[in-house]
Structures are given as C-alpha cells and as structure tokens.
Amino acid sequence: MSANEDQDDLKPSFTPGYKPSAVKSTEEYAKLDAEDESLARWKASLGIVPGSTPSASGPKLTALTLELHSSTLPPGKHIILNLEDKKAVADTRKNPIIIKEGVEYNVRITFNVNHSIISGLRYIQLVKRAGVKVDKLEQMLGSYGPSPQGKPYTKDFDPEESPSGLLARSGSYTVRSRVTDDDNETYADWEWSFKLAKEWDV
C-alpha cells in the first residue's frame with residue numbers, strides 16, 4: 001500500500017451533506033449567548049469564561065496515553081502506552097505490545113485540550129501486517145474546549161475482540177494512529193506495534 005493510500009485511509013469519514021461549523025475562538029464562544037445561564041455554566045465547566053482565554057501558543061491538543069483494558073488481564077495489571085514518551089512508542093516496533101488472542105478488550109485514550117475549541121474530534125487507526133492493511137478503526141471522540149483545570153479528558157472506545165488462531169499469532173502488527181477533527185486537522189500522529197499471543201505478557 002502506498003503512502004498516498006495510507007493518507008486516504010487516515011482521513012475521517014463524513015456524513016453526506018454535513019458541513020462543519022465556522023471555527024470560533026475560545027473568547028468568541030465565551031461571549032456567545034452570554035445571557036443563557038445554563039449554557040454559561042456548561043461553558044464554565046469547560047474553562048470557557050470571558051476574559052480567561054488560554055494562551056493560544058503551542059499545540060491545541062496533547063495526546064497523553066493510549067490504554068488497553070480487558071477483564072481477562074491479570075488483577076492489577078494494565079497496558080498503558082505513554083504517548084509523550086516518544087522513545088517508548090518507538091520501542092514498540094522492536095518489542096511489540098503483547099495482546100492475548102480471542103479476548104474482549106477496549107481502548108482508552110487520554111488527552112488535554114490546551115486552547116481553542118475542537119469540534120468533531122476523532123481517533124483513527126490503520127492496522128497492517130507485513131505491509132498489508134488488515135483493519136481500520138474510526139472512533140468519534142466528540143467536541144471539547146480547553147481541559148478544565150488542566151484535568152485530562154478520557155474517552156473509552158467500544159469493546160472489540162482480538163483475533164485468534166495460528167495465523168493471527170504469526171508476526172506483529174503495525175498501527176498508525178491519528179487524532180484529527182472535522183476539518184481534517186491532525187493533532188497527534190504516531191506509529192506503534194502489537195503482537196497476538198496465547199497469554200498476556202504483563
């Protein structure tokens with residue numbers, strides 16, 4: 001698969017006829033419908049208050065962790081990929097994350113929105129084995145304002161079942177993950193690897 005095909009696969013899908021709304025600054029959102037008390041409380045919970053606009057410098061979003069949860073994991077054990085540790089992410093290419101075959105699991109992502117309003121945020125991942133596309137996941141995350149008091153947002157994905165069988169266990173899988181939005185603006189993009197096995201290795 002070519003790099004251009006990869007880019008096409010990593011583009012978000014859209015509902016026909018849907019048009020993203022015009023981008024507004026945090027301050028513009030803070031002043032919008034200011035007389036609506038319930039709306040003002042909701043905006044305040046997101047840190048959107050007139051006169052308290054966060055600095056617009058730096059990235060709009062910081063992806064923090066990608067976690068894998070399963071009831072079949074040993075008690076007290078977790079699989080967490082620290083996305084801020086670029087070396088740890090890169091190391092998964094040599095030492096893939098081990099996932100038990102044939103079990104139900106779900107993925108959780110945590111992230112901070114540093115400034116601005118992000119609409120239609122979504123997570124897209126493209127999975128390949130030996131260079132051939134085997135799966136694609138697109139998960140809607142939602143729309144967010146700046147993280148209140150710097151507290152990260154957390155989103156749990158829908159449960160999935162890991163493949164099973166000898167063929168599934170042969171070789172490792174390369175994953176390209178991306179966090180993007182309705183305007184196809186990319187906020188995070190990374191590659192990592194996993195391998196299926198008969199048992200968890202944690």
Side-chain angles (χ1 to χ4, degrees), residues 1-15 61-112 120-142 152-182 184-202:
M1 183 177 285
S2 71
N4 285 339
E5 287 175 306
D6 274 3
Q7 292 303 320
D8 288 342
D9 276 321
L10 288 164
K11 286 182 179 178
S13 59
F14 294 102
T15 303
L61 180 145
T62 304
L64 302 174
T65 62
L66 196 67
E67 304 175 38
L68 192 147
H69 294 259
S70 174
S71 61
T72 65
L73 272 165
K77 297 294 184 180
H78 307 280
I79 296 177
I80 302 175
L81 184 59
N82 181 356
L83 301 176
E84 294 187 288
D85 186 342
K86 305 305 181 189
K87 184 179 183 301
V89 175
D91 282 349
T92 67
R93 302 298 297 273
K94 294 179 182 177
N95 302 294
I97 294 169
I98 303 298
I99 299 176
K100 185 176 180 179
E101 65 173 342
V103 299
E104 187 175 273
Y105 69 95
N106 74 284
V107 173
R108 172 182 296 167
I109 189 170
T110 60
F111 56 94
N112 274 328
L121 196 65
R122 64 191 75 200
Y123 171 86
I124 300 171
Q125 76 175 22
L126 185 63
V127 182
K128 291 183 181 182
R129 187 173 62 191
V132 178
K133 174 186 169 184
V134 294
D135 190 33
K136 178 186 176 181
L137 167 72
E138 184 170 347
Q139 179 75 45
M140 178 60 78
L141 303 180
Y153 291 111
T154 299
K155 177 69 176 182
D156 289 320
F157 297 178
D158 297 330
E160 296 188 66
E161 184 172 317
S162 58
S164 60
L166 184 60
L167 183 61
R169 293 197 303 271
S170 61
S172 60
Y173 295 78
T174 302
V175 185
R176 177 80 176 272
S177 294
R178 178 174 288 180
V179 178
T180 185
D181 69 5
D182 282 342
N184 202 26
E185 182 174 347
T186 298
Y187 300 100
D189 194 324
W190 68 94
E191 288 189 4
W192 55 287
S193 295
F194 71 89
K195 192 171 184 177
L196 295 167
K198 289 187 175 182
E199 295 296 335
W200 295 105
D201 180 22
V202 290

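The analysis underlying the following values was restricted to heavy atoms, covering all of them including side chains, and did not include hydrogens, waters or symmetry mates.
The OG atom of Ser177 sits 8.0 Å away from atom CG of Leu83, with the distance rounded to the nearest 0.5 Å. Going from atom OG1 of Thr92 over to atom CG of Asn95 covers 8.5 Å, rounded to the nearest 0.5 Å. A distance of 11.5 Å separates CG of Leu64 from CD1 of Ile80, quoted to the nearest 0.5 Å. Atoms CZ and CZ, from Arg178 and Arg122 in turn, are 13.0 Å apart once rounded to the nearest 0.5 Å. Going from atom CG of Leu61 over to atom CG of Leu121 covers 6.0 Å, rounded to the nearest 0.5 Å. Distance check, rounded to the nearest 0.5 Å: NE2 of His78 to CG of Leu73 gives 8.5 Å.
A search for ring-ring contact (aromatic ring centres under 6.0 Å, His included) contacts involving Tyr187 returns nothing, not counting sequence neighbours. Residues forming a side-chain hydrogen bond (donor to acceptor under 3.5 Å, both in side chains) with Trp190 (at least two apart in sequence, or on another chain): none. Partners of Tyr105 under the side-chain hydrogen bond (donor to acceptor under 3.5 Å, both in side chains) rule, at least two apart in sequence or in another chain, do not exist in this structure. Legend: residues meeting side chain to side chain contact (heavy atoms under 4.5 Å, CB included) with Asp91, ordered by chain and number and at least two apart, are Lys87.
When atom types are taken as modelled, the side chain of Ser162 and the backbone of Gly102 share a donor-acceptor pair closer than 3.5 angstrom. In this structure, Ser70 contributes its side chain and Thr72 its backbone to a donor-acceptor pair below 3.5 Å. A donor-acceptor pair is defined here as one N or O able to donate and one able to accept, closer than 3.5 Å; no such pair exists between the side chain of Thr186 and the backbone of Thr180.
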Checklist entry - Does the side-chain contact (heavy atoms from CB on, under 4.5 Å) test come out yes or no for Asp158 and Gln139, once each step is laid out? => result CA-CA 8 Å; Asp158 297 330; Gln139 179 75 45; 3.9 Å; yes
Checklist entry - Step by step, would you call Tyr153 with Leu141 a side-chain contact (heavy atoms from CB on, under 4.5 Å)? => result CA-CA 10 Å; Tyr153 291 111; Leu141 303 180; over 6 Å; no
Checklist entry - Which is it for Trp200 and Ile99 under the side-chain contact (heavy atoms from CB on, under 4.5 Å) test, yes or no, and what are the steps along the way? => result CA-CA 6 Å; Trp200 295 105; Ile99 299 176; 3.9 Å; yes
Checklist entry - Going through the checks in order, is the side-chain contact (heavy atoms from CB on, under 4.5 Å) test met by Arg176 and Asp189? => result CA-CA 7 Å; Arg176 177 80 176 272; Asp189 194 324; 2.6 Å; yes
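Residue pairs meeting the salt bridge (charged side-chain N to carboxylate O under 4.0 Å, His left out) criterion with at least one member in residues 94-108, sequence neighbours excluded: Lys100-Glu199, Glu101-Arg169, Arg108-Asp156. Listed by first then second residue, pairs satisfying salt bridge (charged side-chain N to carboxylate O under 4.0 Å, His left out) with a partner in residues 68-79 number zero, not counting sequence neighbours.
Among all heavy-atom pairs drawn from Asn112 and Pro152, the shortest one is OD1-CA, 3.1 Å. Heavy-atom minimum distance, Tyr123 versus Val179: CD1-CG2, 4.2 Å.
When each of Arg129, Lys128, Lys195 is paired with Tyr173, the side-chain contact (heavy atoms from CB on, under 4.5 Å) condition holds for Arg129 and for no other.
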